[in-house]
K.L.:
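Here's a structure for you.
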Amino acid sequence: MKQTRLVKILAAGVACGAAVGIALAQETTTTTTTRDPVTGTTTTASATTSTAGTIATYTPDSDYFTFRTAPNVAPVRYYYTRDTTILDPEGRTVSWSAIRPDAPATIYYTNVGDRVVVRRVVLSQPAPVYKKETTTTTTTTRP
């Protein structure tokens, strides 16, 4: 009986630890809408939410990529626009060709309607650099 109680307590502790880890991995934001009573204008401010994980799939011709926050979690579809920027770990802008499946990254996104739109992707590892070298050999013959 004491072993069963101990197992239940340990299982509850592990579940709480996992819940806290997931909660800390995602930052939450709020959208604030204010109305100026004098002018009648409405101002809406929203902050961006971020989460860390790995890119599961990316197809250059589509308008989304899938992102996984943990290895045992199903990937979620995140949409991107022309305004989405890709940054390397040093903060320099890189091209979309730096996106690779299983690349660790942090994404910053907002909810637009029923879509999750990515504003910025920060890669955790530098993008590989491929250098193409060519060698030209010139042969001349003397008369």
Side-chain angles (χ1 to χ4, degrees), residues 1-140:
M1 183 163 158
K2 289 185 180 184
Q3 289 180 345
T4 305
R5 189 180 322 179
L6 181 61
V7 169
K8 288 180 181 178
I9 291 172
L10 289 175
V14 168
C16 289
V20 168
I22 291 171
L24 291 177
Q26 294 186 356
E27 298 175 13
T28 58
T29 59
T30 58
T31 302
T32 306
T33 303
T34 57
R35 183 178 172 101
D36 187 354
V38 176
T39 62
T41 58
T42 303
T43 306
T44 302
S46 64
T48 304
T49 304
S50 69
T51 188
T54 57
I55 296 169
T57 59
Y58 166 66
T59 306
D61 295 335
S62 66
D63 62 343
Y64 68 91
F65 61 88
T66 57
F67 191 78
R68 187 183 309 241
T69 56
N72 57 351
V73 176
V76 178
R77 188 178 286 191
Y78 290 89
Y79 292 88
Y80 58 88
T81 64
R82 282 188 234 146
D83 298 331
T84 302
T85 57
I86 311 297
L87 302 173
D88 66 0
E90 289 80 33
R92 293 181 297 234
T93 303
V94 295
S95 67
W96 278 96
S97 62
I99 300 290
R100 303 269 186 244
D102 295 329
T106 301
I107 58 170
Y108 297 86
Y109 61 91
T110 57
N111 291 324
V112 178
D114 60 343
R115 289 187 169 196
V116 179
V117 178
V118 176
R119 300 292 181 208
R120 183 174 47 177
V121 177
V122 180
L123 301 174
S124 298
Q125 296 176 350
V129 176
Y130 299 104
K131 291 185 179 180
K132 182 179 179 182
E133 294 183 15
T134 58
T135 304
T136 305
T137 304
T138 306
T139 306
T140 58

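Heads up: numbering here begins at 1 and tracks the sequence.
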K.L.:
Starting at CG of Asp63, measure out to CZ of Arg115 and round the result to the nearest 0.5 Å.
P.N.:
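Result: 5.5 Å between the selected atoms.
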K.L.:
Nearest 0.5 Å, what's the OG1-CG distance between Thr57 and Asp102?
P.N.:
10.0 Å
K.L.:
Measuring from atom OG1 of Thr93 to atom CD1 of Ile86, what distance do you get when rounded to the nearest 0.5 angstrom?
P.N.:
9.5 Å
K.L.:
If you take all heavy atoms of Thr54 and Pro104, which pair is closest and at what distance?
P.N.:
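Scanning both residues, the minimum pair turns out to be CG2-CA, 4.0 Å.
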K.L.:
Check whether any side-chain heavy atom of Ile99 sits under 4.5 Å from a side-chain heavy atom of Val121, and report yes or no.
P.N.:
yes
K.L.:
Counting C-beta onward and ignoring hydrogens, is there a side-chain heavy-atom pair between Tyr80 and Ser62 closer than 4.5 Å?
P.N.:
yes
K.L.:
Indicate yes or no for a side-chain donor-acceptor contact from Arg92 to the backbone of Pro89 under 3.5 Å, with no hydrogens or angles considered.
P.N.:
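Answer holds: no.
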K.L.:
Working to the nearest 0.5 Å, report the span between CD1 of Ile55 and CZ of Arg100.
P.N.:
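So the CD1 of Ile55 and the CZ of Arg100 are separated by 10.5 Å.
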K.L.:
Can you name the nearest heavy-atom pair linking Arg120 to Leu87, along with the distance?
P.N.:
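So the two residues come closest at CD-CD1, 3.4 Å.
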K.L.:
Calculate, to the nearest 0.5 Å, the distance between atoms OG1 and CZ belonging to Thr85 and Arg119 respectively.
P.N.:
10.5 Å
K.L.:
In terms of relative ring orientation, are Trp96 and Tyr58 parallel, tilted or perpendicular, with 30° and 60° separating the classes?
P.N.:
parallel
K.L.:
Is the number of heavy atoms from other residues, nucleotides or ligands under 6.0 Å of Tyr64 OH greater than 12?
P.N.:
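No, because the 6.0 Å sphere around OH of Tyr64 holds 12 heavy atoms or fewer from other groups.
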K.L.:
Indicate yes or no for a side-chain donor-acceptor contact from Thr69 to the backbone of Gly53 under 3.5 Å, with no hydrogens or angles considered.
P.N.:
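Not a single qualifying donor-acceptor pair exists.
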K.L.:
Indicate the atoms forming the closest heavy-atom contact of Pro101 with Ala56, along with that distance.
P.N.:
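Scanning both residues completely, I find the closest heavy atoms to be CB-O, 3.5 Å.
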K.L.:
Could you list the residues that satisfy ring-ring contact (aromatic ring centres under 6.0 Å, His included) with Phe67, not counting sequence neighbours?
P.N.:
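Here the qualifying residues are Tyr78.
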K.L.:
Can you tell if the side chain of Val122 reaches within under 4.5 Å of the side chain of Tyr108, non-hydrogen atoms only?
P.N.:
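Touching, per the 4.5 Å side-chain cut-off.
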